[in-house]
Amino acid sequence: MPILHALPAFADNYIWALHDGQDAWVVDPGDPAPVETWLAQEGLKLSGILLTHHHADHTGGVAALREAHGARVVGPAYEVLPEPVQRLSAGDRIELLGRTFDVLEVPGHTAGHIAYYCADWEGTPLLFCGDTLFSGGCGRLFEGTPAQMLDSLDRLSALPGATRVCCTHEYTLSNLRFALAVEPANTALQAYQRHCRALREHGQPTLPSTVERERAINPFLRVREPQVAQAIHQQEPGASDPVSLFAALRRWKDGFR
Ligand code: ZN
Ligand code: FE
């Protein structure tokens, strides 16, 4: 029975960790320390590391963990990463802890960003999406275009609704403040903000989210909804098609305080 766990790192990162009671895998270990503490506590052996993109807050722990445990490292085909890395691209599959993960290419935050999707993790689909999709938001466009990011998010949004979405940052409450500025009358969003506030007051992660929930509350998955398009239009009257609406929404969020 593999177990999924979120290890907090830095100010607001999560290192997602999987284990079967013996072997463990971690996703985007920016810092080796929380991983080492967890492995020792649980008495686990680190078998492998999944990487979604090259940023240091996702890869900074790779060298130390590989040296200490001889762990196998897999990551995106087209990014600069701490070598050696087994390179994966769209359509590739990886087996870990007896489960199969499909690799999705989701460029936008970085040019070669990938995500890992398991169709059946204890009966529920599971997604590691790095900094592409956050609960209530999405990653900044450092290397990709709005068209690429919208396409990436559209494909994640088309995954089964029950898919558990494992994002790499606890940005949910600040994302929801912006989401409510876009859609003040969205009752699902209002209820979700109350839910997440209560979780954070008790020191709990707001993640994983689900694809179904994100479709209902995340403005970056909702640019085709008339009320979202209308709100963006008030910020940038020129925006009309989905890509220009998405680009305008991202700019609005970048300047939102
Ligand atoms: Zn990043
Ligand atoms: Fe990050």
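Distance check, rounded to the nearest 0.5 Å: CD1 of I114 to OG of S152 gives 12.0 Å. Between the CZ atom in R257 and the OG atom in S174 there is a gap of 10.0 Å [rounded to 0.5 Å]. A distance of 8.0 Å separates NE2 of H233 from CG of L245, quoted to the nearest 0.5 Å. Rounding to the nearest 0.5 Å gives a distance of 10.0 Å between CZ of R251 and CG of L141. Atom NE2 of H55 sits about 5.5 Å away from atom CD of E143, to the nearest 0.5 Å. Between L104 atom CG and H113 atom NE2 the span is 11.5 Å, to the nearest 0.5 Å.
In this structure, V165 is not a member of the same hydrophobic cluster as L189, with clusters built from ILVMFWY side-chain heavy atoms closer than 4.5 Å. Taking hydrophobic clusters as Ile, Leu, Val, Met, Phe, Trp and Tyr residues chained together by side-chain heavy-atom distances below 4.5 Å, L249 shares a cluster with V243. Transitive grouping of hydrophobic side chains (ILVMFWY, heavy atoms separated by less than 4.5 Å) brings V103 and W25 into a common cluster. Placement of F178 and L176 in two distinct hydrophobic clusters is found when ILVMFWY residues are connected by side-chain heavy-atom separations under 4.5 Å, directly or transitively. One hydrophobic cluster, built from ILVMFWY side chains closer than 4.5 Å, holds both V27 and I94.
Looking only at distances, a side-chain donor or acceptor of N218 sits under 3.5 Å from a matching main-chain atom of G137. Side-chain atoms of E79 come within 3.5 Å of backbone N or O of H54 as a donor-acceptor pair. Here the side chain of E214 pairs a donor or acceptor atom with the backbone of G136 at under 3.5 angstrom. With hydrogens and angles disregarded, a donor-acceptor distance shorter than 3.5 Å links the side chain of Q148 to the backbone of T145. In terms of modelled atom types and a separation under 3.5 Å, the side chain of S157 and the main chain of L153 share no donor-acceptor contact. A donor-acceptor contact shorter than 3.5 Å is absent between the side chain of D57 and the backbone of G30. Between the side chain of R66 and the backbone N or O of E83, at least one donor-acceptor pair lies under 3.5 Å. T168 places a side-chain N or O within donor-acceptor distance of the main-chain N or O of G130, the cut-off being under 3.5 Å. One N or O on the side chain of T37 and one on the backbone of A33 form a donor-acceptor pair closer than 3.5 Å. Checked by atom type and distance alone, the side chain of R164 never pairs as donor or acceptor with a backbone atom of T210 at under 3.5 Å.
A salt bridge links D254 and R140; the closest N-O separation between the charged side-chain nitrogens and carboxylate oxygens is under 4.0 Å.
The shortest distance between side-chain heavy atoms of L126 and F128 falls below 4.5 Å. In this structure the side chain of R87 never reaches within 4.5 angstrom of the side chain of Y78, judged on heavy atoms. Within the 4.5 Å cutoff, the side chain of P205 has heavy atoms near those of the Y14 side chain.
Side chains of D28 and T52: a donor-acceptor N/O pair is present below 3.5 angstrom, by distance only. A donor-acceptor contact under 3.5 angstrom links the side chains of D131 and H58, judged on distance only.
Closest heavy-atom contact between A216 and A188: CB-CB, 4.4 Å. Nearest heavy atom pair, residue L207 against residue H169, reads CD1-O, 3.5 Å. Residues Y116 and G75 share a closest heavy-atom pair of OH-CA, 3.6 Å. Considering every non-hydrogen atom in both G139 and M149, the closest pair reads O-CE, 3.5 Å. Closest approach of Y117 to P125, counting heavy atoms only: OH-CB, 3.3 Å. For the residue pair W252 and A231, the shortest heavy atom distance occurs at CZ3-O, 3.8 Å.
Residues F134 make up the rest of the hydrophobic cluster containing Y171, defined by ILVMFWY side-chain heavy atoms closer than 4.5 Å, directly or through other members. Side-chain heavy-atom separations under 4.5 angstrom define the hydrophobic clusters, and the remaining members of the one that includes L65 are L7, I15, V26, V35, W38, L39, L44, L46, I49, L51, V62, V73, L81, V85.
The number of heavy-atom neighbours closer than 6.0 Å to CD of Q22, taken from other residues, nucleotides and ligands shown, is 12 or below. Within 6.0 Å of atom CZ in R200, more than 12 heavy atoms from other residues, nucleotides or ligands are found, so the atom counts as buried in its surroundings. At most 12 non-hydrogen atoms from other residues, nucleotides or ligands lie less than 6.0 angstrom from CD of E212. Heavy-atom neighbours of Q86 CD from other residues, nucleotides or ligands within 6.0 Å: above the threshold of 12.
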Dump the intermediate steps for side-chain contact (heavy atoms from CB on, under 4.5 Å) on W121 and F101, then the final yes or no. CA-CA 9 Å; W121 182 272; F101 283 77; 4.0 Å; yes

After noting the C-alpha distance and the side-chain angles of R250 and K253, does the key distance pass the side-chain contact (heavy atoms from CB on, under 4.5 Å) rule? CA-CA 5 Å; R250 188 59 256 185; K253 171 85 163 56; 3.4 Å; yes

Evaluate the side-chain contact (heavy atoms from CB on, under 4.5 Å) criterion for residues V106 and C129: first the C-alpha distance (whole Å), next the side-chain angles of each, then the deciding distance (0.1 Å), finally the verdict. CA-CA 8 Å; V106 287; C129 54; over 6 Å; no

Please walk me through it: do E225 and Q230 pass side-chain contact (heavy atoms from CB on, under 4.5 Å)? CA-CA 9 Å; E225 297 291 324; Q230 208 167 49; over 6 Å; no

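Between H5 and H19, the distance separating the two ring centers is not shorter than 6.0 angstrom. F142 has its ring centre less than 6.0 Å from the ring centre of H109.
Ring-plane geometry between Y192 and H195 is classed as parallel, the angle between the planes falling under 30 degrees on a 0 to 90 degree scale with a further cut at 60.
Taking D154 as the reference, L150, R224 meet the side-chain contact (heavy atoms from CB on, under 4.5 Å) condition, with sequence neighbours excluded.
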